[in-house]
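Report on one structure; see the data block that follows.
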Protein chains: 2
Amino acid sequence: MTTDQRPLRADAQRNLERITTSAQVLFAERGTRAQMEDIAAHAGVGIGTLYRRFPTKEALLTALVRKRFQEFAVIAAECEEISDPYDALATSMRRQAESVVGDAAFQLAMMNIDSFSWDGIEEDKAALNAILGRLLERAQAAGAVRADLRVEDYGMMMCGTTATMYFMHALPEPGWRRHLEILLAGLKPT
Amino acid sequence: MTTDQRPLRADAQRNLERITTSAQVLFAERGTRAQMEDIAAHAGVGIGTLYRRFPTKEALLTALVRKRFQEFAVIAAECEEISDPYDALATSMRRQAESVVGDAAFQLAMMNIDSFSWDGIEEDKAALNAILGRLLERAQAAGAVRADLRVEDYGMMMCGTTATMYFMHALPEPGWRRHLEILLAGLKPT
DNA sequence: CGGTATCCGGAATCTTACCTCCGTATTCGG
DNA sequence: CCGAATACGGAGGTAAGATTCCGGATACCG
């Protein structure tokens, strides 16, 4: 599936980068409602050009979301260095959440809102989950968090957190942080 | 604003009820993407008829969401009877969440996803918040939950919970319950 | 520098709902 | 039972956005 038959022509490469950047900006700002024409315009490119690289709006969005998951994996990996097991887990969550504060589209993606299939994202999710699994196991082994937690709970908590983030939208006060702290407190064994 | 100039004609009344019921069913099932034509058809009524009662899709949806908030208020009020302050709060949340399990549209509404204005809902929200405020204060006075919680946190937690509910959509396992329990555990003072 | 494989732009097309309109049908007071 | 006053149905208008198409540029190879 690797499509590198020939390195893109110079202009094409340049446009691809512009498109990706613009899409990230507009999707972040307006969520999945951002329009293809606007993205093309923002990138200073014709719509046809956009569609040559990404055959579909969903494909474009998926590419961006994948990148986010990869970033999540990087963050999680960095947090494995933290010595305190609970801290490692909590920091991973806090940092990941903080990293998507302004990205409405990704928040929606985490909530599974639009009926996209997100094809090709499984790989990245699996890679991320592998790290998260280790992080969680370590915390459990140390008795720092409930024993009944599963990896899926991590994603669920991120889902809930991004939801409150989206919910608060325009509001100045970052109430979602409190929500996350409540969740983190709730992780501790009773 | 009370529109009771004349009691609806018999057939109109009957149709109104059908429409409301069908709308509830379809919105619950398909979320806000449910279509007006389908709702009319499900109610065995023409689209024109639907639009005479509800001038807009948003108006229809708003009516249903209002009803949900009113139900929330009833539940919260019932929970005020519970003697243990923490239990009262927790039960209110658990029961409210449970009551909207199958209602995708309401879950979306809680997440503030669609850009609807939900005109006329403020009243009901305020009434609900009054009760929730009492519930929360009582728990705090008893030292059963963190002192830094605010009423808005309740809504935020419900938002997070409905998000995980929507997220899990088709899956058989009700993972969102665990999410809620984590939140509830996190409410306790440290 | 010519030839060709790649690309570009953006008007036009297609699709999907929401909502309007108006001729016909039904209810209800007297 | 009659005549408004209300309601009903559903074809058609309209708008918004995604996606396609293709004649005209551009970049790269030798």
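Hydrogens, waters and symmetry mates play no part in the numbers below; they use all other heavy atoms, side chains included. Throughout, a chain's letter reflects where its sequence line sits, starting with A, and its residues are numbered from 1.
- Using modelled atom types, one side-chain atom of B:Thr164 and one backbone atom of B:Thr161 make a donor-acceptor pair closer than 3.5 Å.
- The backbone N or O of B:Phe116 sits nowhere less than 3.5 Å from a side-chain atom of B:Glu58 that would complete a donor-acceptor pair.
- Counting any heavy atom pair closer than 4.0 Å across all strands shown, B:Arg53 reaches sugar-phosphate atoms only and no base atom.
- Listed by first and then second residue, the side chain to side chain donor-acceptor pair (under 3.5 Å) pairs that reach into residues 16-25 of chain B are B:Gln13-B:Glu17, B:Ser22-B:His42, B:Gln24-B:Asp103, sequence neighbours excluded.
- The nucleotide whose nearest atom lies closest to any side-chain atom of B:Val45 is, among D:dG9, C:dC18, D:dA7, D:dG9.
- Within the 4.0 angstrom heavy-atom criterion, only backbone atoms of the sugar-phosphate kind lie near B:Ala34; the bases stay farther away.
- Distance, B:Ile39 CD1 to D:dG9 P: 15 Å, rounded to whole Å.
- B:Asn15 has no side-chain polar atom (N or O) that falls below the 4.0 Å cut-off from OP1 or OP2 of D:dA7.
- Candidate nucleotides C:dC7, C:dC28, C:dC19 were compared by shortest atom distance to the side chain of B:Lys57, and C:dC19 ranks first.
- Closest contact between the side chain of B:Thr49 and the listed nucleotides D:dG9, C:dC28, D:dT19 involves D:dG9.
- What separates CD of B:Gln13 from P of D:dA7 is a distance of 11 Å, to the nearest Å.
- B:Glu80 has no carboxylate O lying under 4.0 Å from a charged side-chain N of B:Arg138, or vice versa, which leaves the two without a salt bridge.
- With distances taken from any side-chain atom of A:Ile47 to the nucleotides C:dC18, D:dT6, C:dG10, the minimum falls on C:dG10.
- With rounding to whole Å, B:Gln35 atom CD is found 16 Å from C:dT15 atom P.
- In this structure, A:Arg9 places its CZ atom 10 Å from P of C:dT6, rounding to the nearest Å.
- Atom CG in B:Leu8 sits about 18 Å away from atom P in D:dA5, given to the nearest Å.
- Here the C1' atom of nucleotide D:dT26 and the CG atom of A:Asp11 are 6 Å apart, to the nearest Å.
- One can place CE of B:Met36 at 17 Å from C1' of D:dG13, the figure rounded to the nearest angstrom.
- Where B:Arg33 and A:Ala12 meet DNA chain C, the nucleotide closest to each residue was compared, and A:Ala12 sits on the side nearer the 5' end.
- Within 4.0 Å of A:Arg14, counting heavy atoms only, lies no atom of the nucleic acid at all.
- Within the 4.0 Å cut-off from OP1 or OP2 of C:dT6, not a single side-chain nitrogen or oxygen of A:Arg52 is found.
- Listed candidates were D:dC8, D:dT20, C:dT27. Nearest to the side chain of A:Tyr51 is D:dT20.
- Across A:Cys79 and A:Ala88, no two heavy atoms sit closer than the pair O-CB, 3.4 Å.
- Close to C:dC18, at under 4.0 Å from its OP1 or OP2, lies no side-chain N or O of B:Thr56.
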